[in-house]
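Taking it in order: structure first as structure tokens, then the write-up.
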Amino acid sequence: MKSDLVKKIELLKKEKNAVILAHYYCSDEIQEIADYIGDSFYLAKIAKEIKEDKIVFCGVSFMGESAKIINPQKTVLMPDITADCPMAHMVKDGEIERLRKEYDDLAVVCYVNSVLKLKTQSDVCVTSSNAVKIVKALPNKNIFFIPDQNLGRYVKEQVPEKNVILNDGFCPRHKVMTAEQVKAQKALYPNALVLAHPECTKEVLNLADYIGSTAGIISFAKNSDNKEFIICTEVGVLYQLQKDNPDKKFVFVNPMPICEDMKKNTLEKIIEVLISGKNEIIIDEQDRIKALKPLDRMLELAK
Ligand code: 13P
Ligand code: SF4
């Protein structure tokens, strides 16, 4: 039976001509009521196609910003304006300019987990689902990969023909997972396959049977004949994993990785922003045009 909160959201969505987008790291109750759920690449792509007037973006601020950059006619509302990805800020001031001076042909490749200012200074955006493909496709030999050192290192290993220069940013939730924690689960579930997000450290990725984005992990688990999996990413993916595979077992490392920022999205806050229109993403038009270039290039190269 639908709760009063869910019924209220459904009514408000119709009244305000709004849709709800949610990342796989949001809580189960958010994923249950979302119109579109996905990884950050899917959500950026779908934002371009939304026909409704308003998008309520249940994710973190860089995701809402990307939706607004791509589809500026829409009103993009964040249930909690403080939901932010710490890694999105992790590039030192002046670092991009310094490397551009050093390398004539430098391509600044910017993981979408980045603040607007970083996107405006970048040549192309990537997500964890297309970073390898896009870096391979670039004509440039020298690549500055920002902000995530772990995804950057993974790309560097997959594209050895390029000089991938790493930055020192990281996801605090993925960084703390250790190889020992994965091995401890492997001891309990020796037949389990290890599925890991590329934001994990090298030591964890070395133990992985599959490395990919949240959508990649979900799709791998669905298509695999294996019955047990150790999942090395944020625990929100469990909702879709269980929905797709009721007969399979999924375990996470202990302690379970939780992105507190993603969990700031709640049903009550969705109702609040739908009623009040507060927490709207507003972007300066000059910045938007600059940031759109690398995002559009990503959407083009990822095809
Ligand atoms: P995805 O691109 O796999 O959705 O990951 C986003 C993210 O924030 C990972 O921590
Ligand atoms: Fe950012 Fe990590 Fe949360 Fe993803 S899991 S949004 S990278 S803090």
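Along the sequence shown, residues carry numbers from 1. Predicted model only: the values in this text are computed from it and were never measured. Both counts, for ligands and for their atoms, begin at 1 and track the order of listing.
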Tell me which protein heavy atom sits closest to [atom], plus the residue, atom name and distance to 0.1 Å.
atom: atom 2 (O) of ligand 1; value: S40 OG, 2.5 Å
atom: atom 8 (O) of ligand 1; value: N113 ND2, 3.1 Å
atom: atom 10 (O) of ligand 1; value: E199 OE1, 2.7 Å
atom: atom 4 (Fe) of ligand 2; value: Y25 CE1, 3.8 Å

Is there a donor-acceptor pair closer than 3.5 Å between any side-chain N or O of [X] and the backbone N or O of [Y]?
X: N17; Y: E52; result: no
X: D261; Y: C85; result: no
X: K248; Y: D225; result: no
X: D35; Y: I20; result: yes

Within the 2.8 Å cut-off the protein N, O or S neighbours of atom 2 (Fe) of ligand 2 are C171 SG
In short, F57 meets N265 closest at the heavy-atom pair O-OD1, 4.1 Å
| request: For the pair F220 and Y210, name the ring-plane relationship: parallel under 30°, tilted 30 to 60°, perpendicular over 60°. | output: parallel
Per-atom contacts, ligand 1 versus [X] - under 4.0 Å to a heavy atom:
X: S128; result: 1 (P), 2 (O), 3 (O)
X: Y25; result: 7 (C), 8 (O), 9 (C), 10 (O)
X: T214; result: 1 (P), 3 (O), 4 (O)
X: H197; result: 1 (P), 3 (O), 5 (O), 9 (C)
X: S213; result: 3 (O)

Between F41 and the options V112, V126, L299, the side-chain contact (heavy atoms from CB on, under 4.5 Å) test singles out L299
- prompt: What do you reckon, does H23 put a non-hydrogen atom under 4.0 Å from ligand 1?
  reply: yes
Checklist entry - What do you reckon, does H174 put a non-hydrogen atom under 4.0 Å from ligand 1? => result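 The answer is yes: ligand 1 sits under 4.0 Å from a heavy atom of H174.
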Quick one: are S128 and Y111 in side-chain contact, heavy atoms under 4.5 Å?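 Contact flag for S128/Y111 side chains = yes.
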Item to complete: Could you identify which residues cluster with V176, counting Ile, Leu, Val, Met, Phe, Trp and Tyr as linked when any side-chain heavy atoms lie under 4.5 Å apart, either directly or through a chain of such contacts?
Response: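 Same cluster as V176: nobody, lone residue.
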Here the side chain to side chain donor-acceptor pair (under 3.5 Å) pairs for residues 101-110, sequence neighbours left out, are R98-E102, D105-N142
Non-neighbouring partners of P257 that pass side-chain contact (heavy atoms from CB on, under 4.5 Å), sequence neighbours left out: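 Result, side-chain contact (heavy atoms from CB on, under 4.5 Å) vs P257: M177, F252, V253.
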